[in-house]
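The structure is given below, and queries will be raised subsequently.
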Amino acid sequence: MKSKELPKKYKSNEAEMKWGEFWESNGVHKYDPMVSREKTFVVDTPPPTVSGSLHVGHVFSYTQTDVLTRFQRMRGKNIFYPMGWDDNGLPTERRVQGLYGVRCNPNLPYNENWEGKISSKKKKEEEEISRKNFLEVCQKQTAEDEKKYEKLWRHLGLSLDWNQAYETINDHCRKVSQLSFLDLQQKNLVTTKESPTMWDTTFQTAVAQAEVEEREKGGHFYDIRFAVEDGSDFVISTTRPELLGACVAVVAHPEDERYKHLFGKTALTPLFNVRVPIMPAEHADKEKGSGILMVCTFGDIHDVEFWKAEGLPLRQIIEKEGTLGPIEYGSAKFPSEKPEKANDVSKQLAGLYVKQARKKVVELLSEEGSCAAGKGAALVGEPKPTQQFAKHYEKGDHPLEYISTRQWFVKILDYKKELIEQGRKIKWHPETMFKRYEQWVDGLNQDWCISRQRFFGVPFPVWYPLDGNCRPDFENPLYATKEQLPVDPLAEVPSGYREDQRGKANGFMGDPDVMDTWATSSMTPQISSHWGTDDERHSKLFPADLRPQAHEIIRTWAFYTITKSWMHGKEVPWKNIAISGWVVDPHKKKMSKSKGNVVTPESLIDQYSADALRYWASKAKLGSDTIYDENVFKVGQRLATKVFNASKFVFLQIENVEDQYLGMENITEPVDKVWASKMNKVIEESTQAFENFHYATALSSVEAAFWEFCDIYLELVKTRAYKLKDSSEGRSALACLAWTWKNFIKLMAPFLPYITEEVWSWHFAEKEDAPSVHKSEWPQVISLNEDKFEGPLIDMAKEALNVLRGEKTTAQKSLRWPIEELVLKGQVKDLDYFKEIEKDIAFSSNLKKEIQYKPLEDNESGFDGRYFEFSVTLSEHAD
RNA sequence: AGGAGUGUAGCUCAGUUGGUUAGAGCGCUACGUUGACAUCGUAGAGGUCCCCAGUUCGAAUCUGGGCAUUCCUACCA
């Protein structure tokens, strides 16, 4: 065999291109549908939101999944590892709106000739386009983004099967989502109802509990005097005086002596002169404010609950846009003792946004004579500043309002116990993450609102019949049939109706809403398995083996997926859930685009190589956050280079050696056996670690062993391997080198797929009949037949080398400088075994030596190991 | 306020079931290097293992109590 031409240096970018194409054209990552379920490993990959670009946080967590998956592939598993794109939903709408300067107006007709052009415009100058045009431009934009994402994932070396990719807006996903909805409907697990719901006034849509976050805001307490029918009065404290017109009751704690006597009486609100009952309520806190407070429709969740429990009237004054409505007082719905005065106030407030209205109301309340009790101004004293916590939609800028609207809900509140039980059946990595799930489910207080008043999403497969006055009958919806799916109720017709009956008396109307994006992504395992449409495929892919995801979406993605799987089939969606941590900045805050992180993953890969980034991601355990640190990329890069150089060296030693001399039976020399037994341990450890999802532990163990291999073992045996290659001593070294090298490539393959594939191709691709290391068999431990070779010989040799190098360094001499005499001290456990190392050190270090030993006294500390002290005297051969 | 995590070298982190002198990498300092490798090698400096108390022959590790910090949840009229 003639010597191959090996590159002088490793060029990561060229290699990444080459092997990326190689994997694709050889179908290395392809799922085989013919293989049984037992031999298949199914990953429920997170579909990232397609709204701009991926960042280092994505690289981090997706790499961790890929590492686990590559291990399983080498264990012989048939891998199902799809990619999904979450392209529907608000993020896409927002991105398109900003990028193209357009806004959806569902009342406009479709314009065939309209073409979206990138042009950012101010909000007021945005072009209004039809719903269909809007959806088209959304789809066009996400398709472009997805291409960019795919390119990055390929470059990073994620071993995804791109044949299994899906987009959550495509026909198949819409079908599965709608099927899911219909199934829940049949099981009586969804309901439509008009009820107070958290509402974002900017996007004008309902939002679910899981999408809400608290933000701290400065605010003020305003003390306002109310009159009582008996002529007395009291003062309430509020941060939201603009809701005065929506006041439906006043409450105090049942045990509050100050107000007990007022229960059952009525109070009169200032400005509006509305008569409201004074009632006891458990949620009133005697210590807070004045102890008595107003109940409005709706200020917060307590208002909603109290309003529901007591059957109070609904006086909604805030409209969907976040402005105060034009309210006519003196009507049945909005009674007033002095309607004229109330309407005068109402006129001044109508059309104002909440913040402006607050200012105005405060202004009016501080006017002389505004107090209904006849005590001058209703506003008492100065407003007191306070830190408020207001609920916000995570993507919105204004506080949420509770507004009563009609929405679709999945009934989850009745099944908290069952859903926690389902969570318990799944193996969480790390285990402690289950607590988060449990706590979230336990604390739920609202059903899951799945309808959104948006456009780019999966429509409800629902129509409503219209009565003679064109009023929809929401209580008796018309559901699509399974065969109709996917269906757009705004374009298609319920069975038994004709298109020309749309919107007409006694006709029908389509449900205009779309589903929450989680209603679709909660079905990712079923989307991949083709639930409901392909039973055989479903049985092979469901439940999945692994769900990887981040911890902040346990309350959404994990929870909703578990919920859906339980509701549809009383199953858990996956056997394992692996929770990745975050990439955080040096101040331990989560890194994100908005924080101005300008480093793109693409440029990092170009600079450091994909393997280097993967190394960094693989160093972090599941569930723990990692500080962004480019130094770790450098370490990864160095490791890859070392793999290249060491491989080159080993390859040059063994390339022309006949196969028969590289068999394991040739490993006869003690030092080689000891090294092989050390490798056995590394293989065992890392396999064990991988099986427990502890890939980072596996990496550490392999990495440490590899550097030791380069620094110690290679140094020890290189002379022997080179000079005595035709003797049994030399062959022992060569066989051990070949075996060790092969195993290192394999052990590192999940982490560094490119460099390992590169060096694998030099020799083993052909010898092992495995074109790709990633489809080769995971290393097995070998039997050495002599278990006594587990002693510290390598450690001694290591120490000998270190002392040797140290001495020479101290003497400021070359490492080739001959040593006159060197005394080496150390400890060894096994006396017989110790005798054997004599020739090895001499041999491998090219040195002659004498070894003396004597028993060591039993350790004073009581530790019961037996030791022998030894000293080695080394002096240079007269070579 | 409740829950979960974290706290070990200047930095990023390992540290299994308690066990001899607490580790690695980076960084720093000094030195070396024509034979796989300067994307290298060798050596050195650097520690109150957050604090206090307890259990133990022995604690980074176990127990109790604090402190700091991150995240989740709740409250905040």
Check your understanding: For the side chain of Leu714(A), counting heavy atoms from C-beta on, which of G3(B), A36(B), U12(B) is nearest?
Key -> A36(B)
Point to revise | Nucleotide nearest Gln439(A) (side chain, heavy atoms from C-beta), chosen from G2(B), C75(B), C71(B) | key: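 Side chain of Gln439(A) sits closest to G2(B).
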Exercise for review: Counting heavy atoms from C-beta on, name the nucleotide in A4(B), C75(B), U12(B) closest to the side chain of Ile301(A).
Suggested key: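 Nearest to the side chain of Ile301(A) among the choices is C75(B).
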Review point. Looking at C76(B), does its base get a donor-acceptor pair with the side chain of Glu214(A) below 3.5 Å?
Key: yes
Review point. Hey, does the side chain of Lys286(A) reach the backbone of Gly291(A) with a donor-acceptor pair shorter than 3.5 angstrom?
Key: no
Check your understanding: Want to settle it: does Met433(A) or Val212(A) sit nearer the 5' end of RNA chain B, counting the closest nucleotide to each?
Key ->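 By nearest-heavy-atom nucleotide position, the 5'-most residue is Met433(A).
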**Study point:** Close side-chain approach of Glu305(A) and His283(A), heavy atoms under 4.5 Å
**Key:** no
Check your understanding: Who is the Watson-Crick or G-U wobble partner of C37(B), with both distances under 3.5 Å?
Key ->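 The base-pairing partner of C37(B), which may sit in any strand shown, does not exist here.
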Check your understanding: Taking only N and O in the side chain of His302(A), is any of them less than 4.0 Å away from OP1 or OP2 of C76(B)?
Key -> yes
Review point. Angle class for the Phe693(A)/His429(A) ring planes (parallel below 30°, perpendicular above 60°, tilted otherwise)?
Key: parallel
Practice item. Could you work out the separation of G46(B) and U6(B) based on their C1' atoms and round it to a whole Å? Key: 24 Å
**Study point:** Options C72(B), C37(B), C75(B), nucleotide nearest the side-chain atoms of Asn645(A)
**Key:**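 Given the options C72(B), C37(B), C75(B), the side chain of Asn645(A) is closest to C37(B).
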Review point. Can you say whether the rings of Trp762(A) and Phe651(A) are parallel (under 30°), tilted (30 to 60°) or perpendicular (over 60°)?
Key: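 It falls in the tilted class, 30° to 60°.
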Point to revise | Arg638(A) side chain near C26(B) phosphate (N/O to OP1/OP2, under 4.0 Å) | key: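 So the side chain of Arg638(A) is within the cut-off, an N or O lying under 4.0 Å from OP1 or OP2 of C26(B).
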Review point. In whole Å, what separates the C1' atom of G15(B) from that of A59(B)?
Key: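 These two C1' atoms come out 14 Å apart once rounded.
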Practice item. Between C26(B), U12(B), G41(B), spot the one nearest the side chain of Asp629(A), thanks. Key: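 The answer is U12(B), which lies nearest to the side chain.
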Review point. Within the distance-only criterion (no hydrogens, no angle test), does the side chain of Thr297(A) pair as donor or acceptor with the backbone N or O of Arg315(A) below 3.5 angstrom?
Key: yes
Point to revise | Counter-base of G18(B), judged by Watson-Crick or G-U geometry with both distances under 3.5 Å | key: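 G18(B) is paired with nothing.
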Exercise for review: Would you kindly give the CZ-to-P distance between Arg436(A) and G5(B), to the nearest whole Å?
Suggested key: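 Whole-Å distance recorded here is 10 Å.
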Review point. So does Lys391(A) get a side-chain nitrogen or oxygen closer than 4.0 Å to the phosphate oxygens (OP1/OP2) of A74(B)?
Key: no
Practice item. Please indicate yes or no: is the ring centre of Phe389(A) less than 5.5 Å from the centre of the six-membered base ring of C76(B), with the two planes inclined by under 30 degrees? Key: yes
Check your understanding: Which word best sums up how the rings of Trp518(A) and Tyr560(A) line up, parallel for under 30°, tilted for 30 to 60°, or perpendicular for over 60°?
Key ->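 Rings of Trp518(A) and Tyr560(A): tilted, 30 to 60°.
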Review point. Distance between the C1' atoms of A60(B) and C50(B), in whole angstroms?
Key: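 It works out to 12 Å between them.
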Point to revise | Side chain of Trp707(A) (C-beta onward), nearest among G41(B), U70(B), C26(B) | key: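 Closest nucleotide to the Trp707(A) side chain: G41(B).
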Check your understanding: When the distance from NE2 of His694(A) to C1' of U16(B) is rounded to whole Å, what number comes out?
Key -> 11 Å
**Study point:** Which nucleotide in U12(B), G25(B), G5(B) has an atom nearest any side-chain atom of Val635(A)
**Key:** G25(B)
Exercise for review: Identify, between Ser700(A) and Thr432(A), the residue whose nearest nucleotide on RNA chain B lies closer to the 5' end.
Suggested key: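 Its nearest nucleotide being more 5', the pick is Thr432(A).
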Exercise for review: Quote, to the nearest angstrom, the C1' distance that separates U61(B) from G7(B).
Suggested key: 14 Å
Practice item. Take atom CD of Gln653(A) and atom C1' of G35(B), then tell me their distance rounded to the nearest Å. Key: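 Whole-Å distance recorded here is 11 Å.
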**Study point:** Nucleotide G5(B), atom P - distance to CD1 of Ile554(A) in whole Å
**Key:** 13 Å
Review point. Reckon Lys621(A) has a side-chain N or O less than 4.0 Å from the OP1 or OP2 of A14(B)?
Key: yes
Review point. From G41(B), A74(B), C71(B), pick the nucleotide closest to the side chain of His551(A)?
Key: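 The nucleotide sitting nearest to the side chain is C71(B).
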Review point. Whole-Å distance between A14(B) P and Leu622(A) CG?
Key: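 Between P of A14(B) and CG of Leu622(A): 13 Å.
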Practice item. Figure out the CZ/P separation between Arg555(A) and C71(B), and round it to whole Å. Key: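 Atom-to-atom, Arg555(A) to C71(B), this comes out as 14 Å.
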